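Everything below concerns the one structure shown next.
Just so it is clear, the model here is predicted, and its values are computed rather than measured. When reading the values below, keep in mind they use all heavy atoms of this one structure, side chains included, and skip hydrogens, waters and symmetry mates.
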Amino acid sequence: MKISILDDYFDTVRTLPSFAKLAGHEVTVWNDHVQDTDALAERLKDTEALVLIRERTKIRTPLLERLPKLRLISQRSVYPHIDIDTCTRLGVVVASSQHPGTPSYATAEFTWGLVLAAMRQIPQQMASLKAGNWQLGVGHSVHGKILGVYGYGRIGAVVAGYGKAFGMKVLVWAREATRARARRDGWDTAPSKEAFFETCDVISLHMRLVEATRHIVTAADLAGMKPSALLVNTSRAPLIEPGALVAALKAGRPGMAAVDVYEEEPLRDTTHPLLNMPNVVCTPHLGYVTHEEYETQFIEIFDQIVAYCAGAPINVVNPQVLESANRRR
């Protein structure tokens, strides 16, 4: 098959052991990011299998309709960036492992790194030292404080464990069924969303972006946080009401934020408010970006291609395509 891999910024995929699974295929790897439909249509005009690295490129109807040779999209995790109905209409199989029981430890680790970086002002202190100055100010310890985990899924559960290891009290907020699971696992849950935001010293968001969670964190929620509190987002930017975080930080509630995700990515605008606030630590969506996590993901992504080529597709999210193909036989 002719396979295209998009958005491999540092040409990492070729170095992975799992890349050997594509031996015998014609593979093209693109290292830049392009979202322009005309440019993508030209690049992918002969592509039969398209490999996506998470949600870096949106695969929408205008593009899909210009890719007549495309038969398979292989990726991992959720797929709000793909027009699934159009794929089904055009006969394109979308294979995406949901990796049940396998959290992204890389994202959980990075979340904790952001917590410590923000609480101890590590980036700001480094900048001060490089500028010829000494200590910039006094940071905050996490021991004894309350860690709020908003969304108790695979990553949230791991982050809760990290909080406990650092001597924090962990408080969970989520929908009722998820809160019940957190209680069964031994964690405390907040009596209400309002109490959750008012009580916690650090709040970390760990939810999938679906219609039910879009803008689930409101300006009123943020306004209820302590002036000394930290909000961390390594999940998705649209979980927060548009403009609410910048406004809240300017108002002083919460007093700090650590952000790894943005409304538009890659973020190139150096004038973006979050990049220019002294109480914010910003990183370029690094949560899952490690060699180990890439290998974990691409084993499954490439296995999906191998299975498709063998005539037995796996992890298909639009099985109607297969049903239609079977009826035509």
Side-chain angles (χ1 to χ4, degrees), residues 111-112 114-121 123-124 137-142 144-153 155-156 159-160 163 168-176 178-179 182 187-264 267 269 271-283 285 287:
T111 298
W112 202 250
L114 286 181
V115 170
L116 296 179
M119 294 293 279
R120 296 300 298 272
Q121 302 176 321
Q124 296 93 326
V138 180
H140 298 273
S141 300
V142 297
K145 290 187 169 61
I146 300 173
L147 169 66
V149 177
Y150 194 170
Y152 185 75
I155 296 174
V159 170
M168 299 185 78
K169 177 184 177 182
V170 176
L171 196 63
V172 173
W173 183 252
R175 54 196 177 93
E176 177 52 42
T178 307
R179 296 201 303 274
W187 304 111
D188 290 334
T189 58
S192 67
K193 186 183 182 187
E194 181 182 39
F196 177 79
F197 277 90
E198 291 176 351
T199 301
C200 295
D201 298 294
V202 178
I203 291 179
S204 191
L205 307 182
H206 297 287
M207 289 169 282
R208 288 183 171 183
L209 179 62
V210 296
E211 283 309 306
T213 61
R214 186 177 295 275
H215 307 160
I216 197 169
V217 177
T218 67
D221 294 330
L222 298 175
M225 294 181 71
K226 301 175 183 178
S228 59
L230 165 68
L231 181 84
V232 183
N233 189 3
T234 57
S235 293
R236 293 294 180 268
L239 293 174
I240 303 175
E241 184 181 330
L245 181 57
V246 170
L249 289 164
K250 288 179 178 178
R253 289 178 179 265
M256 299 172 284
V259 177
D260 189 43
V261 288
Y262 309 90
E263 293 282 351
E264 294 294 330
L267 176 61
D269 180 10
T271 67
H272 191 288
L274 291 175
L275 299 182
N276 293 279
M277 303 181 84
N279 54 341
V280 182
V281 174
C282 291
T283 51
H285 206 153

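Note that the CZ atom of Arg179 and the CG atom of Asp188 stand 13.0 Å from one another [nearest 0.5 Å]. To the nearest 0.5 Å, atom CD1 of residue Ile216 and atom CZ of residue Arg175 are 10.0 Å apart. We find the CG-CG distance between Asn233 and Leu245 to be 8.0 Å, quoted to the nearest 0.5 Å. To the nearest 0.5 Å, the span separating CE on Met225 from CD on Glu198 amounts to 11.0 Å. Atoms CG and SG, on Leu274 and Cys282 in that order, are 5.0 Å from each other to the nearest 0.5 Å. Tyr262 OH to Thr283 OG1: the interatomic distance, rounded to the nearest 0.5 Å, is 5.0 Å.
The only member of Thr218, Leu222, Asp221 that meets side-chain contact (heavy atoms from CB on, under 4.5 Å) when paired with Glu241 is Thr218. Looking at Thr111, Val115, Ile155, Val259 one by one, the single match for side-chain contact (heavy atoms from CB on, under 4.5 Å) with Thr234 turns out to be Thr111.
Atom CZ of Arg208 has more than 12 heavy atoms from other residues, nucleotides or ligands within 6.0 Å. For Lys169, the NZ atom counts as loosely surrounded, since its 6.0 Å shell holds 12 or fewer non-hydrogen atoms of other residues, nucleotides or ligands. Glu264 CD: 12 or fewer foreign heavy atoms inside a 6.0 Å radius. Counting non-hydrogen atoms of other residues, nucleotides and ligands closer than 6.0 Å to CZ of Arg253 gives a total above 12. Under a cut-off of 6.0 angstrom, the local environment of CD in Glu263 is crowded, with over 12 non-hydrogen atoms contributed by other residues, nucleotides or ligands.
Side-chain contact between Phe197 and Val217 is present, with heavy atoms from C-beta onward closer than 4.5 Å. Counting heavy atoms from C-beta on, the side chains of Tyr150 and Met207 come closer than 4.5 Å. Contact check for Met168 versus Val202: side-chain heavy atoms found under the 4.5 Å cut-off. Side-chain atoms of Cys200 and Ile146, non-hydrogen and from C-beta on, do get closer than 4.5 Å to each other. Taking the side chain as every heavy atom from C-beta outward, His285 and Arg236 approach each other to under 4.5 Å. When side chains are defined from C-beta on, Leu147 counts as touching Trp112, because their heavy atoms get closer than 4.5 Å. Val159 is not listed as a side-chain neighbour of Val170, based on a closest heavy-atom distance of 4.5 Å or more. A 4.5 Å side-chain heavy-atom check between Tyr152 and His206 finds every atom pair outside the cut-off.
A pairwise comparison of heavy atoms in Val261 and Ser235 identifies CG1-O, 3.4 Å as the closest pair. Closest of all the heavy-atom pairs between Gly255 and Asn279 is O-ND2, 3.0 Å. Closest heavy-atom contact between Ala258 and Ala118: CB-CB, 4.2 Å. Across all non-hydrogen atoms, the minimal contact from Pro123 to Ala117 is CD-O, 3.6 Å. Minimum interatomic distance between Val149 and Gly156 (heavy atoms only, all atoms of both residues): CG1-O, 3.6 Å. Minimum heavy-atom separation, His215 to Ile240: CD2-O, 3.6 Å.
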Please test Ile203 against Trp173 for side chain to side chain contact (heavy atoms under 4.5 Å, CB included), starting from the C-alpha separation and ending with a verdict.
CA-CA 10 Å; Ile203 291 179; Trp173 183 252; over 6 Å; no
request  = Take Asp201 and Leu230 through the side chain to side chain contact (heavy atoms under 4.5 Å, CB included) test and state the conclusion after the steps.
outcome  = CA-CA 6 Å; Asp201 298 294; Leu230 165 68; over 6 Å; no
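Remark: side-chain polar atoms of Ser192 are paired, donor with acceptor, to backbone N or O of Ala195 under 3.5 angstrom.
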